[in-house]
Amino acid sequence: MPERSKQKKDRKPLYYVRKRLFSNIPAVFGMLVILISVIISILGYSIMPDNTPYADGRADQISKQPPGFKVLMLNVRKNLDIKYRKYFERVLFGQESEYRSIPIENYTINTNNLTIEAQIYGEKDKTVLPLVDVVKPLYVGKSEKLDSHESGNYYYDASTQTIIYLDLHEKLNRITKSELLNEFEAHCLETRTYLLGTDKSGRDMLSRLLFGVRISLGIGLISVAISFVVGFTLGSLAGFFGGWIDSFILWFMTVVWSIPGIMLVIAISLALGRGVLVAFVAIGLTTWVEIARVVRGQILSVKQKQYVEAAKAVGMGSFRIITVHILPNIIGPLIVILTSNFASAILTEAGLSFLGLSAQPPMASWGVMVNEGFGFITTTGGFYLVLFPSLCIALMVLAFNLFGNGLRDAYDPKTSTK
């Protein structure tokens with residue numbers, strides 16, 4: 001019994017913070033949503049059905065299709081020298097597809113002249129393509145390596161059932177008819193399922209929503225980091241040194257605080273130019289005031305403590321006193337504010353993207369997706385274009401707010417409501 005009671009006395013305050021946090025079910029739900037979002041961001045393109053850069057693999061014939069839509073795809077080899085990225089590069093930046101995908105309803109192969117006749121999805125006319133042009137990347141341009149009376153980059157020798165063709169580097173290659181048909185069946189036909197349907201350009205909605213997680217978490221992380229650095233620096237200077245420094249910083253905070261945040265973000269974005277990075281900086285430069293106010297107030301109450309006076313007495317520098325002795329004692333309230341700013345940054349970025357001031361097409365930001373779907377909301381299938389990204393924005397903001405409220409109650413149980 002004495003040992004058990006001694007262990008309870010030795011428990012640090014952080015133990016009780018964790019205990020209160022994990023007993024808060026809404027906060028745990030928010031934390032799980034955030035954790036899953038972080039995992040999705042890290043895995044990136046490796047878990048997207050469409051792993052092309054920005055998930056921009058489009059097929060206009062299947063635009064605005066509902067969730068669960070299935071279609072047969074004819075994959076036509078591009079006559080391009082595709083650069084293949086290493087695994088981690090593909091996870092971060094995606095991989096350009098070596099095929100051009102065409103949605104079709106049916107097809108027939110003419111084995112005599114080796115052509116494919118395909119009925120394109122939603123169209124009346126059929127298209128006829130040389131089978132070798134579908135399967136292999138061919139040389140583009142004039143060449144003297146093949147007989148002038150034959151096709152420019154390949155010909156079919158019916159007597160030996162062999163196709164002789166020029167590859168991308170103008171080298172002669174041979175492939176038999178049976179090998180060509182086998183490659184076609186293995187690589188050029190694909191039944192694709194769009195779990196959340198397609199957008200107005202026939203792109204996979206699920207892939208673009210997953211990519212949007214990166215944008216949202218990225219805007220939150222970078223803008224919160226900027227706001228923390230600016231707010232903590234100015235708040236520390238105002239609270240620790242006081243005097244005219246405190247008065248000037250208080251005046252500056254009042255000026256910034258009096259300007260509506262969204263208007264200030266728009267003004268900075270217009271001044272610096274459109275783009276995701278500019279939006280990151282703009283949001284960070286407009287959300288630091290609350291951090292500075294809290295840091296200033298906390299330092300004013302802490303700097304009179306005996307351990308701070310003792311640190312000054314032994315000649316310790318101001319920067320070290322603030323970072324080593326004062327910061328650990330105010331980290332709790334700061335975490336709560338930073339979590340709240342995270343949610344605010346995500347919502348603000350979505351608004352900027354909707355207005356065209358943040359992420360630019362084809363980048364898959366949730367705000368951009370809402371904007372693209374807004375004009376089609378009354379058309380067939382257009383409702384989903386707005387619904388899915390809006391739900392993602394709402395869920396992410398809710399998760400950070402629930403987690404922030406849980407942290408607030410965990411660090412200060414007197415603020416919790418019953």
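Only heavy atoms go into these numbers, but all of them, side chains included; no hydrogens, no water, no symmetry mates.
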Query raised in the report: Roughly how far, to the nearest 0.5 Å, is the CG atom of L250 from the CD1 atom of I245?
Result: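 I245 CD1 to L250 CG: 12.0 Å, rounded to 0.5 Å.
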Query raised in the report: Side chains of I291 and L334: does their closest heavy-atom pair fall under 4.5 Å?
Result: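 Sidechains of L334 and I291: in contact.
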Query raised in the report: Given side chains that start at C-beta, do those of I120 and D125 come closer than 4.5 Å, heavy atoms only?
Result: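 They are not in contact (no side-chain heavy atoms under 4.5 Å apart), so the answer is no.
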Query raised in the report: Are more than 12 heavy atoms from other residues, nucleotides or ligands located less than 6.0 Å from atom OH of Y87?
Result: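 Atom OH in Y87 is not crowded, with 12 or fewer foreign heavy atoms closer than 6.0 Å.
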Query raised in the report: Above 12 or not: heavy atoms from other molecules or residues under 6.0 Å from OH of Y99?
Result: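 Yes, the 6.0 Å shell around OH holds more than 12 heavy atoms from other groups.
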Provide the closest heavy-atom pair for [X] versus [Y] in the form atom of the first, atom of the second, distance.
X    : Y    : value
R208 : Y54  : NH1-O, 3.1 Å
I226 : F280 : CD1-O, 4.1 Å
L209 : F388 : CD1-CB, 3.7 Å
I82  : S97  : CD1-O, 3.9 Å

Check: [Y] main-chain N/O paired with [X] side-chain donor or acceptor under 3.5 Å:
X    : Y    : result
N371 : G367 : no
S207 : D50  : yes
Q119 : E123 : yes
S353 : A350 : no
S201 : R203 : no
Q95  : R85  : yes
E89  : K86  : yes
N341 : T287 : yes
S216 : V213 : no
T198 : Q65  : yes

Query - Y194-Y384 aromatic ring centre distance below 6.0 Å - result: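 Centroid distance Y194-Y384: not below 6.0 Å, so no.
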Can you find a side-chain donor-acceptor pair between [X] and [Y] that sits under 3.5 Å?
X    : Y    : result
S101 : R58  : no
S365 : E349 : yes
E190 : N75  : yes

Query raised in the report: Can R296 and D246 be said to form a salt bridge (charged side-chain N to carboxylate O under 4.0 Å, His left out), step by step?
Result: CA-CA 9 Å; R296 174 183 175 275; D246 185 25; 2.7 Å; yes
Requested in this report: Among K83, K136, R77, find the residue that satisfies the salt bridge (charged side-chain N to carboxylate O under 4.0 Å, His left out) test when tested with E98.
Outcome: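 One option only clears the test, and that one is R77.
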